[in-house]
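Everything on this sheet refers to the single structure shown next.
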Amino acid sequence: MDNIITKIDRQNLPCHVAIIMDGNGRWAKSIGMTRSFGHKNGVNAVREVTEASAELGIKYLTLYAFSTENWNRPKFEINTLMSLLVSSINKEIKTLIKNNIRLLTIGNTESLPKKVQKELSKAIEITSKNSGLTLVLALSYSSRWEIINAINRISSDIRNEVIKDETITEELFTKYLTTSNIPDPDLLIRTSGEYRISNFLLWQIAYSELYFTKKLWPDFNKNDFYEAIFDLQNRERRFGLTSEQIRDK
Ligand code: IPE
Ligand code: IPE
Ligand code: MG
């Protein structure tokens, strides 16, 4: 689909797009290279979707970069991913500033190596006043971890009387998630032809539109991203209502 960008309705953009970036290993294997080579090339696709989001004027882009379960991968691969994170942040920080992009992280970032934590804090601090796209990296993230973490913190706040009224509402619960100030995704994309959520944003995607593509992550480019947005714009989000109710609104 050429010129797909011209078909996108700029008045009707999703506020938040989340992506499960999958397929680096298979991409590398298909050309006889190591998994690490796949991860290195995955960084190009990160650049593509970040630029595309910023250019379109999307407010939030969340990228699933490392899951809680990914800690069980071979040590060498984990180390590659961690050093890639540090070098990419270092390399891209100027571009983030130039393009008015704010960096945030979600997940159990305390479990990341100190060096990674330091680089991330620095980048988050430097970009904190930026008002364009918010780029959210999910690192050492899993939804079940996040939910249990929220429940434990709520329980502790009740014990310590930080919370006076013990009625737990959706609104209160949401405040204790690592995504507390981030709206729910409108669109969730997963690459590599896998049809699963892999413990990502389970609470937050209650009403997100799902988009699956066979493309492996390092091959995913701006046009693929635009195609996903265009697809979303041709769907009717009903939130439990009938079609008629939506049209009469
Ligand atoms: C996604 O690619 C990157 C991470 C999960 C860190 P994979 O490494 O999962 O690649 P495949 O799924 O094995 O092809
Ligand atoms: C999901 O990909 C996690 C990230 C993209 C960071 P995985 O490759 O780890 O997912 P599964 O194990 O195939 O479900
Ligand atoms: Mg995978």
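Numbers for residues simply follow the sequence, beginning at 1. For ligands, and for the atoms within them, numbers begin at 1 and follow the listed sequence.
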Quiz item: Which atoms from ligand 1 have a heavy atom of R35 less than 4.0 Å away?
Solution: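 That gives atoms 7 (P), 8 (O), 10 (O), 13 (O) of ligand 1.
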
Practice problem: Using a strict cut-off of 4.0 Å, indicate which atoms of ligand 1 neighbour a heavy atom of H39. | Solution: 3 (C), 8 (O)

Exercise. Compute whether any side-chain donor of one residue and acceptor of the other, for S192 and W217, lie under 3.5 angstrom apart.
Key: no

Practice problem: Please determine, by modelled atom types, if S67 and N70 share a side-chain donor-acceptor pair under 3.5 angstrom. | Solution: yes

Exercise. Supply the atom-to-atom distance C15 SG to L187 CG, rounded to the nearest 0.5 angstrom.
Key: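 The SG atom of C15 sits 12.0 Å away from the CG atom of L187.
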
Quiz item: Should H39 and W27 be marked as a side-chain contact (heavy atoms from CB on, under 4.5 Å) after you check the CA-CA gap, both sets of side-chain angles, and the distance that decides it?
Solution: CA-CA 9 Å; H39 295 313; W27 180 88; over 6 Å; no

Quiz item: ligand 2: which residues have a non-hydrogen atom closer than 4.0 Å?
Solution: I20, M21, D22, Y64, A65, F66, S67, N70, R73, R190, R196, S198

Self-check item: Closest approach to the Mg ion (ligand 3) by D22, given as the N, O or S atom name
Solution: OD1

Exercise. Take atom CZ of R235 as the centre, draw a 6.0 Å sphere, and report whether it contains more than 12 heavy atoms from other residues, nucleotides or ligands.
Key: yes

Practice problem: Could you tell me whether E110 atom CD has more than 12 heavy atoms of other residues or ligands within 6.0 Å of it? | Solution: no

Quiz item: Just wondering, do L13 and I8 contact through their side chains at under 4.5 Å, heavy atoms?
Solution: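 I8 vs L13: side chains touch.
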
Quiz item: Looking at D22 and T191, what are the two nearest heavy atoms and their distance?
Solution: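 Shortest heavy-atom contact: O-OG1, 2.7 Å.
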
Quiz prompt | the Mg ion (ligand 3) to nearest N/O/S of E194 less than 2.8 Å | solution = no

